[in-house]
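All remarks here apply to the structure that follows.
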There are 2 protein chains.
Amino acid sequence: MVKRSETPARLDDAARAGWLYYVAGRTQDEIAAAMGISRQSAQRLVSLAVAERLIKVRLDHPIAACLELGSQLRRKFGLKHVEVVPSDPASSSTTVGIAEAAAAEIERWLKRPEPIVLAIGTGRTLKAAVDQLPAIECPNHRIVSLTGNIAPDGSAAYYNVIFSMADAVKARHYPMPLPVLVTSAEERELLHGQQLVRSTLNMSAQADVTFVGIGELGIDGPLCVDGFLEKDEMMELMRGGAVGEICGWIFDVDGRLIDNPINERVASAPIPSRDASMVIGLAKGKRKFKAIRAAVVGHQINALITDEETAEFLLKN
Amino acid sequence: MVKRSETPARLDDAARAGWLYYVAGRTQDEIAAAMGISRQSAQRLVSLAVAERLIKVRLDHPIAACLELGSQLRRKFGLKHVEVVPSDPASSSTTVGIAEAAAAEIERWLKRPEPIVLAIGTGRTLKAAVDQLPAIECPNHRIVSLTGNIAPDGSAAYYNVIFSMADAVKARHYPMPLPVLVTSAEERELLHGQQLVRSTLNMSAQADVTFVGIGELGIDGPLCVDGFLEKDEMMELMRGGAVGEICGWIFDVDGRLIDNPINERVASAPIPSRDASMVIGLAKGKRKFKAIRAAVVGHQINALITDEETAEFLLKN
DNA sequence: TCGTTTGTTGAGTAATTGCCCATGAGCGAA
DNA sequence: TTCGCTCATGGGCAATTACTCAACAAACGA
């Protein structure tokens, strides 16, 4: 976690230095002279401004290749919305680029004047996206989490994104006061029957837009790494044809939720309607190819933010 | 004028290079390797991306000092909206900073879903602001020029901003097919009576939002430099108490339009209502202090985008 | 076809920036 | 008060970026 809470005065200086550097186009030497500090301090302020995301860079040009891939994907899979960002071949990150694009998309939704319900899933990509959000006030909107916020060991689940979101966005937030996986279908029924949980579930079913990460399976996949499933449970699932998951809901290569005890123990809200609302999946990278493909063909999502490389895979296969 | 119309393919490369540099954070060496070009070429693409404004940087932090100045100004002068950007003490430019802020404000208006009429004045500051606009499509909106587009020598007036705006913004544009200054009040009546001109004038009177520059008088002021007024006419005006102008309408230190033959020859549309609409003035800099002050106290405008230095002057005087 | 012009390229170099480290100030605990 | 710790600072230096220049290539016009 990045160090929180720099003193406001320092952030103020950082903003000023960042402004002079990026907007006014001065050198760090000039900034140092203007602000009466050493060049090194000026450099620190500038990089602090970047680190604290006071400076937002956006690319305002539709890269033709990406647009083209996007519209082909939209056509081929009948998606409502597709955004393709350039690939960075040298980077193995599964978030760079997508996070920025997704943050911009989230921001667009949050800036709508009419009140909306925004549902949010979980995962590293989504976390990275939410971390890119600037401070926004939108008291009219409601933001609801689709997944529980309690990790298997009882601690708060780190990748439960809604809390990160609450840091930046001033809106009503509704976390899901549940574990991610419960011990049995019966327990799930019981928990979902609670008044508080029921109202959150109802709200999520009415989401106008939903952002979810798409997780791959495998012993390196998030479900195992974060301790939700044991290795042998994972192997069992994969033998049963599972290839990916969204909010814990595990699906096969055709994007159908598989019939397996694990899926009966998922306490997440169902993914909101792909007919009546926008469900935007975020994912890229070779390891996720199969999972993304399945989610798209099985209409677990109806919109996608991904990168060129992944887009090309989806078009060819 | 910046060189127009790079080939799309090159802009595409520039966008890609810019993305890799600013968003993905790679060095120019890495970009060069990835794109199969020399490092120098990569550098050129990156700076092309910046020069063509494909890369937009925005500062997402309310600098406390600026906010404070802004709200004080709003209170003191009863303005509807004030934006204060940091001063860059080393730069004598009258546009840096304001242009970016104004472009962002224009963009916000243009992104509104309901159709609006946006009126636009003239001047270097406004030109710089419009040059910062990204490409936007907004077929619902109408953009109307308050000032004529014919310079005294009969050529197209360079600082008639609406044409620059048309380059970036896809909306209906209504230039004012008139000179800026005509030879007499009678000629103005005649020209304003023409059907085409009348409908443009009517539209400007219904503007929802108006952006204007504030010009200072003096033999170095825009009216003289651009050849609209002779030196002696200017001296005469200043002896008569004139301190500034907006769209050619000349006012005194209290912001009242002065009673002078020149003002009877101004062919611009009247500044839209400050009671019913938003009229945003853009200006900063010592030379404009008096003119800005007059425009604000005389309610020629009801909103202001300026810099710290100017804001401090306005508060103290 | 042959200059001429315009624009692109890579090399070299100057300017700028990022990072490491030693220093010392500030502060709490002994 | 002194010790030990943390952290901001500025110097120095390596990495990175921006600029200039000369060579070259494509486009153009005679």
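Below, all heavy atoms of this structure are taken into account, side chains as well, without hydrogens, waters or symmetry copies. Numbers restart at 1 for each chain; the letters A, B, ... are given by sequence-line order, proteins then strands.
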**Asked** So, A/Thr310 side chain and A/Gly285 main chain: donor-acceptor pair closer than 3.5 Å or not?
**Response**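 Yes, A/Thr310 side chain to A/Gly285 backbone: donor-acceptor pair under 3.5 Å.
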
Is any side-chain N or O of [X] closer than 4.0 Å to OP1 or OP2 of [N]?
X       : N      : value
B/Ser41 : C/dG10 : yes
A/Gln43 : C/dT17 : no
A/Ser47 : C/dG18 : no

Is [X] salt-bridged to [Y], going by a charged N under 4.0 Å from an acidic O?
X        : Y        : answer
B/Glu107 : B/Arg58  : no
B/Glu308 : A/Arg16  : yes
B/Glu309 : B/Lys286 : yes

**Request:** Step by step, work out the salt bridge (charged side-chain N to carboxylate O under 4.0 Å, His left out) result for A/Arg124 and A/Asp226.
**Result:** CA-CA 11 Å; A/Arg124 289 160 176 74; A/Asp226 296 340; 2.8 Å; yes

**Prompt:** Looking at C/dG10, does its base get a donor-acceptor pair with the side chain of B/Arg44 below 3.5 Å?
**Reply:**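 Per atom types, the contact qualifies.
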
**Item:** Base of D/dA18 paired with side chain of B/Gln40 (donor-acceptor, under 3.5 Å)
**Value:**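 Donor-acceptor pair under 3.5 Å: no.
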
**Message:** Among D/dT9, D/dC13, C/dG10, which nucleotide has an atom closest to any side-chain atom of B/Ser38?
**Reply:**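 Nearest to the side chain of B/Ser38 among the choices is C/dG10.
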
How many Å lie between [atom1] on [X] and [atom2] on [N], as a whole number?
X       : N      : atom1 : atom2 : answer
B/Tyr21 : C/dG18 : OH    : C1'   : 11 Å
A/Glu30 : C/dT16 : CD    : P     : 8 Å
B/Asp29 : D/dA14 : CG    : P     : 18 Å
A/Ile31 : C/dG18 : CD1   : P     : 10 Å
B/Leu45 : D/dA18 : CG    : C1'   : 14 Å
B/Gln28 : C/dT17 : CD    : P     : 13 Å
B/Tyr22 : D/dT16 : OH    : P     : 16 Å
A/Arg26 : C/dT17 : CZ    : C1'   : 17 Å

